[in-house]
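So the structure is just underneath, and the comments pick up after that.
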Amino acid sequence: MSSHTFQAPTGTRDFYPADAALRRFIIESWRSAAIRHGFEEVDGPTFEHLDLYTVKSGEGIVSELFSFTRVGGEKTYALRPEFTPTLARLYAAKANALPRPTKWFCTPTFFRAEKPQRGRLREFLQWNVDLLGDPSPAADAEVIAACVTLFESLGFTPADLRVKVNHRAALANWFVSRGIPESEHAKLLVLLDQRAKMPAGEFAAKLALYNFTAEQAEVFKKGIIRVTLPERAGEVQVMGQTVERGMLGPAAGSDAFDLSFFSEAVQPLALEFAAAGVLDWVDFDLSIVRGLAYYTGMVFEVHEATGAERAVAGGGRYDNLVELFGGPPTPAVGMGMGDVVLSLVMKDKGLLPDAGRLMELSGQRPDVFVVSNGSPEAEARVRPTVAALRRLGLHARHTYKATRNVGKLLKEAGDARARYAVIIENSESAQLKDLTGGEQRAVRLDELTAGYPTIMQGRGA
RNA sequence: GUGGCCAUAGCUCAGUUGGCAGAGCACGAGGUUGUGAUCCUCGGGGUCGCGGGUUCAAGUCCCGUUGGUCACCCCA
């Protein structure tokens with residue numbers, strides 16, 4: 001590379017005004033959704049001791065981290081690749097003083113030393129929502145409800161995004177019921193997680209090693225099952241086909257659709273999703289495994305409805321993790337959502353606000369744009385008027401162009417999405433024009449600079 | 001970390017068998033209609049990602065490198 005050219009490091013992004021406005025909009029959307037659901041904002045350091053990450057994930061994780069030692073120092077640090085260890089550390093340190101449940105969220109930057117590809121960068125934002133101290137399915141539903149609130153606020157519908165829910169314990173119970181020892185469960189979960197990456201025949205053959213039939217392999221491959229609510233309790237549908245309770249037991253002969261364990265674990269969740277008003281967004285999906293890591297109960301991922309793009313969000317219940325980081329035994333459920341895939345899906349669905357709208361949504365819309373009619377007398381009043389309006393707390397702008405053509409300057413004001421234009425006529429009077437509606441009226445300059453908000457009857461106009 | 005494809009103006013791209021670096025949009029200046037439009041004229045801008053090589057001559061062909069992108073690995 002030549003010495004006079006610098007590029008941003010691999011997998012990082014530059015944020016020009018339009019990009020920064022989008023980022024601000026996404027962060028504010030995240031914050032708003034979390035706060036509406038009663039979560040409180042927290043944060044931690046951008047880097048932690050490397051040990052904090054190897055405790056949970058093993059030494060293998062190190063190659064995925066940006067880690068470093070200070071020159072002359074001995075301690076090894078790592079830029080944070082996720083928030084959960086920090087969250088557990090924060091919670092463990094003050095567990096006795098914290099309310100139950102504790103509901104926290106954050107929207108920080110994370111770093112992973114992976115090769116970038118679509119939807120995955122080395123520096124990104126991630127919204128984390130966690131609810132600690134409540135083991136109930138209602139807590140699971142609360143986290144997902146915050147997620148759904150976000151989607152709704154961005155303009156998504158259940159036809160755009162699906163929340164795919166599974167239950168670790170249900171799968172484990174089912175495996176046990178089929179005589180599969182617990183020592184084999186991890187390998188089996190990995191196999192299920194990889195189902196999409198191999199031909200159906202190969203997948204079925206590998207499942208057969210665990211005594212699953214080809215029919216059951218098909219069920220796993222398709223994933224989605226429908227769990228009905230209590231008025232029809234006892235019914236389970238597989239791939240749209242209703243299966244009677246009597247058919248579910250292995251004794252019934254056809255145990256291809258023996259999903260009773262799954263059904264029992266998931267029915268309480270379904271009730272809570274219904275109570276939270278998010279059931280329309282949810283599919284119960286046997287194929288969602290979420291790596292292995294630390295999940296102990298409900299797990300979920302949010303995907304674009306047709307399977308385009310990577311997962312928009314993911315999470316689940318991790319009842320043993322706080323203890324692992326030195327805290328008291330604490331049931332917990334949480335989720336993470338990155339800005340990269342979210343932005344891609346918003347773009348795919350045509351839900352990205354245009355540049356002007358983003359400036360407005362990110363709090364950068366000018367209140368007033370001050371121009372003169374071109375006379376020297378009026379021109380002299382532009383800067384003092386702008387200064388006075390700014391002193392009143394308003395976002396006031398003026399042109400930097402050489403032209404004094406009123407039409408061109410009003411176009412500039414309109415392009416900037418200013419709410420009002422002030423056209424100064426002489427040292428005493430001006431026209432005040434509402435750029436939204438187009439009406440304008442004469443005002444005295446001294447009156448304007450003394451009480452613009454009053455004249456406008458508030459800024460919301 | 002492995003492999004495929006890609007790289008020309010701020011953006012989207014054109015550039016012929018190797019022969020003077022281009023368009024639209026955007027940006028800036030001026031003009032016209034004293035009020036956001038339309039229109040007209042002009043202008044700034046690119047070591048063709050970077051470095052080598054072949055050639056009289058390279059944006060174009062070859063090698064390397066950096067970055068992007070897609071798939072694999074991984075996905076906390």
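Within every chain, numbering begins at 1; the chains are lettered A, B, ... in the order of the sequence lines, protein sequences first and strands thereafter. This structure is a prediction, so every number in the text was calculated from the model and none was measured.
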What pairs meet the side chain to side chain donor-acceptor pair (under 3.5 Å) rule with one or both residues in residues 317-335 of chain A, with sequence neighbours excluded?
A/Asp130-A/Tyr318, A/Asp140-A/Arg317, A/Arg317-A/Asp319
Looking only at the side chain of A/Leu410 (C-beta and beyond, no hydrogens), which of the listed nucleotides B/C75, B/G36, B/G30 gets closest?
B/G36
Which base, if any, makes a Watson-Crick or G-U wobble pair with B/C74, both distances under 3.5 Å?
none
Does A/Arg120 contact B/C74 through a side-chain donor or acceptor facing the base, at a distance under 3.5 Å?
yes
With hydrogens left out and only the distance checked, is there a donor-acceptor pair under 3.5 Å joining A/Lys433's side chain and the base of B/G36?
yes
Across the strands shown, which category fits A/Lys401 at heavy-atom distances under 4.0 angstrom: base, sugar-phosphate, nothing?
sugar-phosphate
What nucleic acid atoms does A/Glu412 come within less than 4.0 Å of, heavy atoms only: base, sugar-phosphate, or nothing?
nothing
Base, sugar-phosphate alone, or nothing: which one does A/Leu87 contact when heavy atoms must sit under 4.0 Å apart?
nothing
Separation of the C1' atoms in B/C48 and B/G67, to the nearest angstrom
16 Å
Taking the side chain of A/Tyr295 as its heavy atoms from C-beta onward, which of B/G67, B/A76, B/U69 lies nearest to it?
B/A76
So is A/Arg122 actually on top of A/Phe66's ring, under 6.0 Å and inside 45° of the axis?
no
Suppose we call a contact any N or O donor and acceptor under 3.5 Å apart; does that hold for the side chain of A/Asn405 and the base of B/U32?
yes
May I ask you to decide whether A/Glu379 forms a salt bridge with A/Arg404, counting only side-chain N to carboxylate O separations under 4.0 Å?
yes
Nearest of B/G30, B/G28, B/U35 to any side-chain atom of A/Gln431?
B/U35
Out of B/G28, B/U69, B/G36, minimum distance to the side chain of A/Pro116 belongs to B/U69
Out of B/U35, B/C74, B/A71, which has the shortest distance to the side chain of A/Gln440?
B/U35
Measure from the side-chain heavy atoms of A/Leu435 and tell me the nearest of B/G36, B/A76, B/U35.
B/G36
Side chain of A/Lys115 only, heavy atoms from C-beta on: which candidate in B/A76, B/G68, B/C70 is closest?
B/C70
How would you label the contact of A/Leu409 with the nucleic acid (heavy atoms, under 4.0 Å): base, sugar-phosphate, or nothing?
nothing
Classify the nucleic acid contact of A/Thr84 as base, sugar-phosphate or nothing, counting any heavy atom under 4.0 Å across all strands shown.
nothing
Looking at every strand, decide which applies to A/Asn373 at a 4.0 Å heavy-atom threshold: base, sugar-phosphate, or nothing.
base
Applying side chain to side chain contact (heavy atoms under 4.5 Å, CB included) between A/Lys103 and each of A/Leu132, A/Leu131, A/Val143, report the one that passes.
A/Leu131
Grab the two heavy atoms, one from A/Pro17 and one from A/Met359, that are nearest each other, plus how far apart they are.
CB-CE, 3.7 Å
From the set B/C74, B/G67, B/G36, return the single nucleotide nearest to any side-chain atom of A/Glu114.
B/C74
Please work out if A/Gly374 contacts a base, only the sugar-phosphate, or nothing of the nucleic acid, heavy-atom cut-off 4.0 Å.
nothing
Which nucleotide wins on minimum distance to the side chain of A/Thr10, given the candidates B/G28, B/G68, B/C73?
B/G68
